[in-house]
Amino acid sequence: MSNSARAAGPPVKAMNEVLVNADGMTLYTYDKDRGMDGKSVCNDRCAENWPPLLAAPDSNAEGDYSIIMRDDASSQWAYKGQPLYLYKRDMKQGDMAGDDVQNVWHVIKQ
């Protein structure tokens with residue numbers, strides 16, 4: 001997952017009231033993760049299109065941000081229990097091409 005982001009602390013901030021990663025790229029949640037007790041169900045091909053926001057080994061959870069373990073044993077950031085993802089079709093800061101894709105992917109509004 002070469003285009004997945006890595007950061008030591010919660011790598012998110014609000015830009016125009018939407019959560020973005022440290023590089024300003026829009027973050028998303030996946031409805032199918034709801035009720036999975038902090039588990040991501042987006043793996044394999046799904047994760048190629050929706051790269052998880054990976055947490056570096058020295059990352060520390062804080063506030064509304066937690067770190068979950070993925071099926072491949074990597075660590076992923078979550079916001080209020082929802083795993084966070086990027087979208088491969090977002091090319092620049094402010095892009096939100098993934099919002100409401102298949103009615104299950106959503107930007108996180110502050």
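For the pairing with Leu27, the side chain to side chain contact (heavy atoms under 4.5 Å, CB included) check across Leu53, Val107, Val18 returns one residue only, Leu53.
A side-chain donor-acceptor contact under 3.5 Å links Tyr28 to the backbone of Gly98. Side-chain atoms of Thr26 come within 3.5 Å of backbone atoms of Asp95 as a donor-acceptor pair (strictly under, hydrogens ignored). In this structure a side-chain-to-backbone donor-acceptor pair under 3.5 Å is missing from Asp23 to Met25.
Classification of Asp71 and Lys39 as a salt-bridged pair holds, one side-chain N sitting under 4.0 Å from a carboxylate O.
If you take NZ on Lys109 and CG on Asn16, they are separated by 11.0 Å, rounding to the nearest 0.5 Å. Note: Gln76 CD to Ser59 OG = 12.0 Å, rounded to the nearest 0.5 Å. Annotation: the span from Asn43 atom CG to Trp50 atom CH2 amounts to 15.0 Å, rounded to 0.5 Å. Between atom CG of residue Asp90 and atom CG of residue Asp99 there is a gap of 9.5 Å, rounded to the nearest 0.5 Å. Here the CZ atom belonging to Arg70 is positioned 10.0 Å from the OG atom belonging to Ser75, to the nearest 0.5 angstrom. The CD1 atom of Ile68 lies 8.5 Å from the OG atom of Ser74; values are rounded to the nearest 0.5 Å.
Counted within 6.0 Å of CZ on Arg89, heavy atoms from surrounding residues, nucleotides or ligands total 12 or fewer; the atom is thus considered open.
The shortest distance between side-chain heavy atoms of Ser40 and Tyr30 does not fall below 4.5 Å. Looking at Asn49 and Trp105, their side chains never come closer than 4.5 Å, going by heavy atoms from C-beta outward. Between Ile108 and Tyr79 the shortest side-chain heavy-atom distance falls below 4.5 Å.
Closest approach of Ala61 and Ser66 over heavy atoms only: CB-CA, 3.7 Å. In this structure, Ala47 and Cys42 approach most closely via the heavy-atom pair N-SG, 3.5 Å. Pro52 and Tyr85 make their closest contact through CA-CD2, 3.8 Å (heavy atoms, listed as atom of the first residue, atom of the second, distance).
Contacts of Ala14 classified as side-chain contact (heavy atoms from CB on, under 4.5 Å), with partners at least two apart in sequence or in another chain: Gln110. Remark: Gln102 engages Val104 in a side-chain contact (heavy atoms from CB on, under 4.5 Å) (not counting sequence neighbours). Residues that satisfy the side-chain contact (heavy atoms from CB on, under 4.5 Å) test with Asp100, not counting sequence neighbours, are His106.
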**Study point:** Chi angles and distances behind the side-chain contact (heavy atoms from CB on, under 4.5 Å) call for Tyr65, Val12
**Key:** CA-CA 9 Å; Tyr65 299 95; Val12 297; 3.0 Å; yes
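A single hydrophobic cluster is seen to contain both Tyr87 and Val41, as judged by linkage of ILVMFWY side chains at heavy-atom distances under 4.5 Å, directly or through other members. Leu19 and Ile67 fall within the same hydrophobic cluster, where Ile, Leu, Val, Met, Phe, Trp and Tyr residues are linked whenever their side-chain heavy atoms come under 4.5 Å apart, directly or through other members.
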